[in-house]
Amino acid sequence: MLQSSRSAPFALTGGRAGTVAAAFLLALVTATILAPVVAPHDPDLPDLFNALGGSTAAHPLGGDALGRDVLSRLLYGGRTTLLGPVLIIAVSTVLGTALAITAAWWGGKVDAVVSRVLEVLFAVPGIVFALVTVAVLGPGIPGVVTGLAVAYTPYVARVVRGAALRERNLPYIAAAWVQGRSGWAICTRHLLPNLRPLIVAQSVSGLGFAMVDLAAISFLGLGVQPPEADWGLMVKSGLDSAMRGNPMEALGAGLLIALVVASVNVLGDRLGRQS
């Protein structure tokens with residue numbers, strides 16, 4: 001009987017640190033999803049009486065330069081800040097995995113062509129891809145996500161291709177051929193499931209890098225456009241407020257970015273050890 005997958009189930013978090021990281025991310029994602037319910041104020045509503053205001057019962061984290069509630073903007077801004085990297089990694093993982101398995105399965109000229117394409121993509125920094133797509137599509141999340149997804153594709157493909165090449169030469173693949181199964185069936189029912197733990201670990205690890213790149217693009221003013229909230233944009237707009245004595249906007253957004261990146265890196269490291 002052909003064994004379709006040799007990989008054992010792996011723990012989602014992996015240890016106490018992974019559990020804490022997963023719990024923090026879950027709580028943060030839940031809070032951003034429920035932002036219309038839990039946010040104390042309209043995130044885009046100016047209040048000049050609260051401009052650069054300090055912490056109060058009504059505004060726990062104070063107000064920004066226009067008096068908008070910082071806590072509410074952090075909650076709403078987390079939606080695009082967290083969703084953007086997920087879209088980037090999802091698209092790049094699908095494209096990278098498809099290219100990797102195609103190259104590993106067919107080999108020869110197909111592998112050579114795919115490898116050359118990946119080398120070209122490797123040579124261009126991700127932010128440059130994002131800037132080019134923004135120049136074509138205009139400022140906003142769609143252009144940034146598209147550019148960064150293309151830039152992250154070779155990183156996924158390189159890792160998955162190496163593992164797929166090893167799996168390609170194992171006995172269970174030959175056994176599937178003997179049973180008359182097609183290449184498509186072997187790749188989707190046997191090869192891909194055995195690569196899934198590695199792909200998941202690689203994807204989780206990539207989320208942190210994608211978030212930093214997305215925040216950097218937003219900091220440059222090419223991501224989410226005002227008056228919408230985004231943590232990268234809030235770091236930029238909060239710098240002026242910090243110079244005027246109220247650092248909560250920049251500090252809160254920067255701290256959340258750092259904590260999310262650290263959490264996904266912990267999860268990626270734990271999952272990578274188990275893959």
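Minimum interatomic distance between Arg73 and Asp44 (heavy atoms only, all atoms of both residues): NH1-OD1, 3.3 Å. Closest non-hydrogen pair, Tyr155 versus Gln202, comes out as O-NE2, 3.6 Å.
Here Leu61 pairs with Val70, Leu71, Leu74, Met248 under the side chain to side chain contact (heavy atoms under 4.5 Å, CB included) rule; sequence neighbours left out. Listed by chain and residue number, Asp230 satisfy the side chain to side chain donor-acceptor pair (under 3.5 Å) test with Thr81 (two or more places apart in sequence, or in another chain). Residues forming a ring-ring contact (aromatic ring centres under 6.0 Å, His included) with Phe24 (at least two apart in sequence, or on another chain): none. A search for side chain to side chain donor-acceptor pair (under 3.5 Å) contacts involving Ser72 returns Asp69, not counting sequence neighbours.
Between Tyr152 and Phe209, the gap from one ring centroid to the other reaches at least 6.0 Å.
In this structure, CZ in Arg168 is found 4.0 Å from CH2 in Trp105, a value given to the nearest 0.5 Å. Distance check, rounded to the nearest 0.5 Å: CZ of Arg158 to OG1 of Thr153 gives 13.0 Å.
Among the candidates Leu83, Thr80, Leu82, Val144, the single residue satisfying the side-chain contact (heavy atoms from CB on, under 4.5 Å) test with Leu214 is Val144.
Residue pairs meeting the salt bridge (charged side-chain N to carboxylate O under 4.0 Å, His left out) criterion with at least one partner in residues 118-140, sequence neighbours excluded, are Arg116-Glu119. Among residue pairs with one or both ends in residues 48-89, those qualifying as ring pair (Phe, Tyr, Trp, His ring centres under 6.0 Å) are His41-His59; sequence neighbours excluded.
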